[in-house]
Every structure is written in C-alpha cells, then in structure tokens.
Amino acid sequence: MNKFSQDWLQLREPTDVASRNKSVLAACASAFEGRESLAICDLGSGTGASVQAFAELLPAKQSWTLVDHDAENLASALVVLAEWSDTAALCAAGIELRRGNKYIQVQTLQLDLSAHPKCWPDSTELVTASALLDLTSGRWMKDLAMALRSRGLPLLATLTFDGLIQCEPHHDHDRAVRESFNLHQNRDKGFGPAAGASAAHAIEQEMTKLGYDLTAGDSAWFLDRQSSSQLLDETLNGIANAVFETGLLEPSEITQWRRSHTGEIKSLTVGHRDFFARLGKDQG
Ligand SMILES: C[S@@+](CC[C@H](N)C(=O)[O-])C[C@H]1O[C@@H](n2cnc3c(N)ncnc32)[C@H](O)[C@@H]1O
C-alpha cells in the first residue's frame with residue numbers, strides 16, 4: 001500500500017495552505033456563492049487537509065465524505081478536524097463540527113480508489129482532491145473525468161506535482177536529480193504506471209475535452225530555512241532517496257548533492273498545479 005504518514009501530512013499542511021492558487025480557490029468559492037449547503041467528497045483525503053483548506057470558501061452547511069484506503073489516516077482526520085473546530089460532537093454518520101459560522105458534518109469511507117474512481121455518495125455536489133492525482137494513472141484520471149461528467153460534477157484538484165524542482169543556489173547535479181526523481185514519480189502507486197509530473201496536464205486536457213470550463217494556476221511550494229526548514233530537509237531527503245532507488249545516479253553523486261544542499265540551500269521550489277473545473281451553463 002502507498003503509505004503517507006500522518007506526520008508527513010501534518011508537516012506539509014501549512015505550506016500547502018500557503019501555496020494553493022488563490023484564483024482557483026476564488027473560482028470554486030464563486031461557483032457556490034449564495035448556496036446554503038453543499039455536499040463534498042474528498043478523494044485521498046489523508047488527515048482531512050481539504051476540509052481545513054476549503055471549508056471557509058464554501059456554504060455555511062457542509063457535508064463532507066472523506067475517502068482514503070488508509071484507515072489510520074481516516075481515524076486521524078476525525079481527531080485533527082475535531083481539534084481544529086470550535087465545537088465537535090459524534091453523530092450517526094461520523095462527526096459534526098462548528099468552526100466560526102460553518103456547520104460541517106464529516107463521514108469517512110475507507111476504500112481503494114484505484115478500483116473505484118466513482119466512489120462518491122449520490123448526494124455529492126463537489127469533488128475535491130489534494131496532492132493525489134500525480135499518484136494516479138492516465139487511465140484512472142480518464143475514468144474519473146468521465147464519471148464526473150456523467151453526473152455533471154465539478155472538480156477542485158489542488159497541489160498536483162508538475163515536475164519542477166528548483167534549488168537556489170544551483171548545484172551541478174540538480175538537473176540529473178530532477179530528471180531521475182521525475183522518472184521515479186512514474187512508478188506504480190497502486191493505480192498503474194503513475195502519471196507523475198504529467199498528471200495535471202493530462203487531467204486538465206481530459207476535463208476540457210468533456211466540455212468543462214477550467215480555472216487553473218500554479219501552486220508551487222516555496223521552501224526556505226526561515227519558514228519551512230523541516231519540510232525543506234524532509235523534501236530533500238525524499239528526493240535523494242527516490243533518486244537512489246532509481247539507480248540512475250551514483251550513490252556518491254546523490255550524497256554529494258544532498259550534503260551540498262544541507263549547508264548551502266537558500267530555497268527549494270517544488271512545482272504544483274491547481275484547477276477548478278465546472279461545466280459551462282449550456283453543458284449541464
Ligand atoms: C499525498 S497524500 C494527500 C493527502 C491529503 N489529500 C492532503 O492534501 O494532505 C495522498 C493520500 O491518498 C491516499 N491514497 C493513495 N492511494 C490511494 C488509493 N488507492 N485509494 C485511496 N486512497 C489512496 C493516501 O492514503 C494519502 O492519504
């Protein structure tokens with residue numbers, strides 16, 4: 001199973017919040033302006049980051065279904081969201097939260113998305129996914145797009161890795177490291193060969209072909225020693241380990257790259273893309 005630790009998900013959460021594209025979020029918010037309630041299904045929900053990130057943008061009454069194959073992440077999501085809320089209570093479906101003027105019901109669904117791209121409850125009006133699509137395959141995203149289209153559902157997809165890794169200052173091995181890392185990103189993460197760096201482009205094309213209007217933009221992580229030192233180090237470690245697994249660079253070259261960036265790096269930019277896709281008025 002493709003495992004994402006709760007520590008890792010919590011560590012990246014503040015940077016994810018800072019990085020998501022504001023125009024894309026505004027487009028999603030405006031699509032539901034004036035509504036009193038909304039049912040949302042979040043795919044690959046991890047520890048519930050999408051609820052924290054999007055609740056403020058959406059109508060006052062929200063009903064979320066969090067889908068993940070990892071039972072520990074789902075259990076942790078309920079704890080994290082209860083702590084994030086002003087008040088929380090158990091209910092038959094899961095938990096009911098209040099945060100500010102938002103009333104949010106959250107239920108969880110443990111399920112392997114690779115076999116069930118169309119997993120949302122019938123009542124769903126918006127599907128969201130954060131940091132998920134690059135793990136999936138072109139075939140799976142095509143199935144997802146068709147399933148959304150068959151119900152006329154909008155999709156808010158954020159933080160899809162787009163292949164950019166930029167270190168400042170530059171090191172001689174940066175390019176080879178980036179290319180090897182991006183090849184590693186194409187390894188099967190349970191959905192078939194992963195789309196990796198081409199995921200955002202592939203799903204955006206698919207949704208456009210099906211008649212969706214898209215608002216899209218960059219949501220790169222900008223990591224530096226001042227604001228995100230631990231995430232910066234963990235990300236460099238993750239890149240180095242992945243490159244090591246490819247066997248495409250000598251271990252000594254990877255060690256040299258990693259060591260040099262430990263002392264000297266000022267910033268690391270990791271590219272992502274966000275989009276909000278909805279059907280045009282005449283397409284519904
Ligand atoms: C990079 S994490 C992102 C989590 C969360 N959306 C966030 O933004 O913090 C990817 C999530 O997808 C889940 N996932 C990966 N493969 C899956 C699958 N086949 N079925 C369901 N969930 C899956 C993982 O368990 C993990 O929680």
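Whatever order the structure lists them in is the order used to number ligands and atoms, beginning at 1. Atoms considered below: every heavy atom in the structure, side chains included; atoms not considered: hydrogens, waters and symmetry mates.
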Peer 1: Numbering the atoms of ligand 1 from 1, which are under 4.0 Å from a heavy atom of Ser130?
Peer 2: 3 (C), 5 (C), 6 (N), 8 (O)
Peer 1: Going by the atom numbers of ligand 1, which of them fall below 4.0 Å from some non-hydrogen atom of Leu111?
Peer 2: 20 (N), 21 (C)
Peer 1: With a cut-off of 6.0 Å (strictly less than), are more than 12 heavy atoms of other residues, nucleotides or ligands near CD of Gln110?
Peer 2: yes
Peer 1: For ligand 1, is there an atom lying under 4.0 Å from some heavy atom of Trp8?
Peer 2: no
Peer 1: Using a 4.0 Å cutoff against the non-hydrogen atoms of Gly46, which atoms of ligand 1 qualify?
Peer 2: 4 (C), 27 (O)
Peer 1: Does a salt bridge link Asp143 with Arg139, judged by any charged N lying under 4.0 Å from a carboxylate O?
Peer 2: yes
Peer 1: May I ask you to list the atoms of ligand 1 that are less than 4.0 angstrom from any heavy atom of Asp112?
Peer 2: 18 (C), 19 (N), 20 (N)
Peer 1: For ligand 1, find out whether one of its N or O atoms is nearer than 3.5 Å to an N or O atom of Arg20.
Peer 2: no
Peer 1: Output the distance between atom CD (Gln185) and atom CG (Asp162), rounded to the nearest 0.5 Å.
Peer 2: 11.5 Å
Peer 1: Filter on salt bridge (charged side-chain N to carboxylate O under 4.0 Å, His left out), then keep only pairs touching residues 16-31, sequence neighbours left out; what's left?
Peer 2: Arg12-Asp16
Peer 1: Could you tell me, atom by atom, which parts of ligand 1 come under 4.0 Å of a heavy atom of Asp70?
Peer 2: 25 (O)
Peer 1: Please evaluate residues Leu148 and Met207 with respect to the criterion side chain to side chain contact (heavy atoms under 4.5 Å, CB included), reporting the C-alpha separation (whole Å), side-chain torsions for both, the decisive distance (0.1 Å), and the verdict.
Peer 2: CA-CA 9 Å; Leu148 292 165; Met207 302 294 285; 3.8 Å; yes
Peer 1: Who gets closest to atom 13 (C) of ligand 1 by heavy atom: Asp68, Leu43, Thr47?
Peer 2: Asp68
Peer 1: Quick one: which ligand 1 atoms are inside 4.0 Å of a heavy atom on Leu132?
Peer 2: 12 (O)
Peer 1: Do Ile104 and Trp64 have side chains that approach each other closer than 4.5 Å (heavy atoms only, starting at C-beta)?
Peer 2: yes
Peer 1: Ligand 1 versus Ala49, non-hydrogen atoms closer than 4.0 Å: side chain, backbone, both, neither?
Peer 2: side chain
Peer 1: Looking at Thr215, Leu155, Leu156, which hits side chain to side chain contact (heavy atoms under 4.5 Å, CB included) with Phe275?
Peer 2: Leu155
Peer 1: Have a look at His116, Gln10, Lys189, His69 and point out the one with the heavy atom closest to atom 18 (C) of ligand 1.
Peer 2: His69
Peer 1: Quick one: look at Leu9 and ligand 1, take heavy-atom pairs under 4.0 Å, and tell me if it's side chain, backbone, both or neither.
Peer 2: side chain
Peer 1: May I ask you to identify, for Asn73, whether its side chain, its backbone, both or neither come under 4.0 Å of ligand 1 on a heavy-atom basis?
Peer 2: side chain
Peer 1: Heavy atoms only: which of Gly44, Ala71, Ala131 is nearest to atom 5 (C) of ligand 1?
Peer 2: Gly44
Peer 1: Suppose I only count heavy atoms of Ser45 and a 4.0 Å limit; which atoms of ligand 1 are within that range?
Peer 2: 5 (C), 6 (N)
Peer 1: Which of the atoms in ligand 1, numbered in the order shown and given with their element, are less than 4.0 Å from a heavy-atom of Leu113?
Peer 2: 18 (C), 19 (N), 20 (N), 21 (C), 22 (N)
Peer 1: For residues 98-121, pull every pair meeting salt bridge (charged side-chain N to carboxylate O under 4.0 Å, His left out), keeping only residues two or more places apart or in separate chains.
Peer 2: Asp86-Arg98
Peer 1: Do Ile165 and Leu268 have side chains that approach each other closer than 4.5 Å (heavy atoms only, starting at C-beta)?
Peer 2: yes
Peer 1: Less than 4.5 Å apart, any side-chain heavy atom of Phe54 and any of Leu126?
Peer 2: no
